[in-house]
Each structure stands twice: as structure tokens, then as C-alpha cells.
Amino acid sequence: MRRKLVRDKVTYIIGITGGIGSGKSTLAQCFKAHGVPVLNADAISRSALLPGAACFADVVSLLGDDIVLPDGSVDRALIASRVFSDPALLEGLNGIVHPYVREELLKNSERTDSPLIVWDVPLLFESGLDAFCACTVSVLCDEEIRVARAVLRDGTDGEKVRARIRAQITDVEREQRSTYTIRNEGTVEAFIKEADALIERIREELQ
């Protein structure tokens with residue numbers, strides 16, 4: 001599927017996704033190493049919650065004034081613990097943030113002079129952003145490995161990681177909905193080697 005984002009230029013959007021601790025960010029870095037620009041949905045959503053930013057007031061109204069820290073920023077850990085234990089709040093938060101992220105991704109893509117662009121989106125399928133992609137890639141990984149990685153990386157509690165995993169679609173559904181999948185349960189070196197091969201395959205198939 002072609003997505004014409006800039007006048008007289010066809011740009012292909014490659015959507016990459018994967019659950020927490022899967023290695024999606026490593027895959028994004030591999031695309032960058034191949035010269036493909038990467039737009040990060042998490043970075044956009046974080047900027048949207050800065051004091052006075054696009055989604056700040058609506059999110060505070062939804063989740064309560066107590067999510068605002070003394071310095072005026074939001075308590076992201078409190079937001080996570082609240083929404084990942086309450087599906088209705090999570091749906092409300094996504095309803096505020098996802099439309100903004102979508103518009104920013106599209107605007108930034110239009111400004112990017114590249115035949116390929118990667119959208120790095122944790123909730124690619126849940127948000128419907130896969131509809132804008134020429135192809136999608138899911139990074140798949142055993143759940144216990146993902147939990148262990150996230151605990152080590154973030155210093156968080158394993159049950160909080162599992163709550164976040166339960167709030168997202170399963171790897172089975174990711175695999176069913178993706179154009180390509182790649183597993184990441186071995187060494188970083190082995191994963192990067194497989195990722196490099198997959199990126200070359202995608203380049204060839206999108207030409």
C-alpha cells in the first residue's frame with residue numbers, strides 16, 4: 001500500500017511494534033543504522049503531556065490533579081499504575097493522546113525527505129495506525145523474558161510489567177496482523193543480524 005505524503009514523492013511508512021521488553025527499540029536503532037528515519041510515538045506522547053502542551057489539561061481532567069507533581073510535570077509512574085489497572089481510564093487516555101500522536105506522525109512524515117520512514121509505535125494495531133503503513137513489523141518474545149528485561153531496565157515491579165502486557169494485544173494477534181515478524185529471545189548480536197537481513201528484505205520488496 002502506497003502512502004503519498006509529500007507532493008510528487010511517494011513515501012512508504014513501515015510500522016514497527018512489540019510489547020514492553022520485546023526489543024522494538026533495538027529494531028528501530030537498526031533501521032536508523034540503515035539510514036531510515038524513525039518517528040517515535042512514545043516521544044510524541046511524552047511531549048504532549050508536558051505542562052501546557054496539547055494533551056496536558058485533558059489528561060489531568062481525566063486522571064485527577066494528583067498526577068501533577070510540584071514542578072508542574074505529570075507523574076508518569078502514577079499515570080501508568082492508574083490506567084493499567086482500569087480499562088476505562090486507559091481507553092479515555094488513549095482517546096486523548098492517540099489522535100494527537102497520529103497527526104504529529106503524519107505532519108512529521110510529510111516533512112521527511114525519505115522514500116522510507118519508520119513509525120515506532122507500541123500500540124500500532126490498537127490505535128489503528130497500521131492503516132497508514134505500507135507494511136508492519138512486530139518484534140515477538142516470550143513473556144517471561146520480556147518481564148525480566150523490563151524489570152532490569154526500568155527497576156519496576158514484575159507485576160506492574162505484567163499488568164501492562166495484559167492491557168495490550170497478545171503476540172499471537174500481533175503475528176496474525178503483521179506483514180513481518182521477528183523474534184528476539186537470544187543475544188543482541190543475533191537479533192541485530194536478523195534485523196539487518198529483514199530490513200534489506202523490506203527494502204527490496206517495497207521497491
Side-chain angles (χ1 to χ4, degrees), residues 1-50 53-55 94 97-141 146 168-207:
M1 180 186 306
R2 290 188 173 188
R3 293 293 162 186
K4 195 166 186 179
L5 298 171
V6 181
R7 192 183 335 179
D8 300 325
K9 180 172 73 72
V10 172
T11 297
Y12 291 100
I13 299 170
I14 304 166
I16 67 172
T17 192
I20 184 172
S22 64
K24 177 178 57 63
S25 297
T26 303
L27 179 61
Q29 290 300 320
C30 290
F31 272 101
K32 284 184 180 179
H34 282 255
V36 182
V38 175
L39 302 179
N40 186 289
D42 267 353
I44 295 171
S45 64
R46 285 194 297 271
S47 68
L49 293 182
L50 293 173
C55 301
N94 289 340
V97 176
H98 285 178
Y100 176 79
V101 170
R102 179 182 64 244
E103 292 309 309
E104 288 300 300
L105 286 170
L106 288 169
K107 285 193 296 185
N108 290 332
S109 295
E110 289 173 356
R111 300 186 188 112
T112 303
D113 186 19
S114 172
L116 298 178
I117 299 173
V118 162
W119 284 6
D120 178 353
V121 188
L123 302 179
L124 181 70
F125 298 113
E126 296 95 322
S127 64
L129 288 172
D130 59 306
F132 295 90
C133 299
C135 66
T136 57
V137 184
S138 284
V139 183
L140 309 178
C141 183
R146 291 166 56 194
Q168 298 178 355
I169 64 173
T170 65
D171 269 2
V172 171
E173 187 171 354
R174 288 188 183 97
E175 185 168 17
Q176 291 171 341
R177 298 179 66 174
S178 297
T179 315
Y180 309 94
T181 60
I182 181 170
R183 299 203 69 87
N184 180 26
E185 291 157 340
T187 66
V188 173
E189 293 78 13
F191 178 68
I192 290 174
K193 183 176 181 180
E194 289 190 34
D196 287 343
L198 177 60
I199 292 167
E200 288 305 318
R201 177 185 171 191
I202 292 172
R203 280 186 185 277
E204 292 174 1
E205 293 183 0
L206 288 181
Q207 284 180 349

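As the structure is a prediction and not an experimental result, all values here were calculated from the model.
- Interatomic distance, CZ of R146 versus SG of C141, reported as 7.0 Å (0.5 Å rounding).
- Under the rule for a side-chain hydrogen bond (donor to acceptor under 3.5 Å, both in side chains), the partners of S138 that lie at least two apart in sequence or sit in another chain are S178.
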Side chain to side chain contact (heavy atoms under 4.5 Å, CB included) between I14 and L206, worked out: CA-CA 10 Å; I14 304 166; L206 288 181; 4.1 Å; yes

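- With a 4.5 Å cut-off on side-chain heavy atoms, E175 and V172 do not count as touching.
- The minimum heavy-atom distance between V139 and G23, with the atom names listed, is CG1-C, 4.2 Å.
- The CZ atom of R203 sits 13.5 Å away from the OH atom of Y12 when rounded to the nearest 0.5 Å.
- Of all heavy-atom pairs spanning T112 and I117, the tightest one is CB-CD1, 3.8 Å.
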Verdict with supporting geometry, F191 and L27, side chain to side chain contact (heavy atoms under 4.5 Å, CB included): CA-CA 8 Å; F191 178 68; L27 179 61; 4.1 Å; yes

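- Note: L116 CG to T11 OG1 = 8.5 Å, rounded to the nearest 0.5 Å.
- Ion pair K107/E104 flagged as a salt bridge, since at least one NZ, NE, NH1 or NH2 atom sits closer than 4.0 Å to an Asp/Glu carboxylate oxygen.
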Verdict with supporting geometry, I182 and V137, side chain to side chain contact (heavy atoms under 4.5 Å, CB included): CA-CA 7 Å; I182 181 170; V137 184; 4.2 Å; yes

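- Here the NZ-CG distance, from K24 to L124, works out to 10.0 Å after rounding to the nearest 0.5 Å.
- The backbone N or O of P122 lies less than 3.5 Å from a partner atom in the side chain of T17, making a donor-acceptor pair.
- Contact record, Q168 with I20: OE1-N, 4.2 Å, taken as the closest heavy-atom pair.
- In this structure, a donor-acceptor pair under 3.5 Å is present between the side chains of E200 and H34.
- The distance from the CG atom of L106 to the CD1 atom of I13 is 6.5 Å, given to the nearest 0.5 Å.
- At a cut-off of 3.5 Å, with distance as the only test, a side-chain donor of S109 or W119 sits close to an acceptor on the other residue.
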Derivation and outcome, side chain to side chain contact (heavy atoms under 4.5 Å, CB included), residues L123 and N94: CA-CA 10 Å; L123 302 179; N94 289 340; 4.2 Å; yes

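- Between V38 and A28, the shortest heavy-atom distance links the atoms CG2-O, 3.6 Å.
- Here the shortest heavy-atom pairing between C135 and I202 reads SG-CG2, 4.0 Å.
- Side chain of T187 to backbone of A190: a donor-acceptor contact under 3.5 angstrom is found.
- Heavy-atom minimum distance, I169 versus R174: O-NH1, 3.2 Å.
- With no hydrogens or angles considered, a side-chain donor-acceptor pair links E205 and Y180 at under 3.5 Å.
- Proximity of a side-chain donor or acceptor of D120 to a complementary backbone N or O of L39 within less than 3.5 Å is not detected.
- With salt bridges taken as basic N to acidic carboxylate O contacts below 4.0 Å, one links R177 and E173.
- From L140, atom CG reaches atom CG of N184 across 10.0 Å, with rounding to the nearest 0.5 Å.
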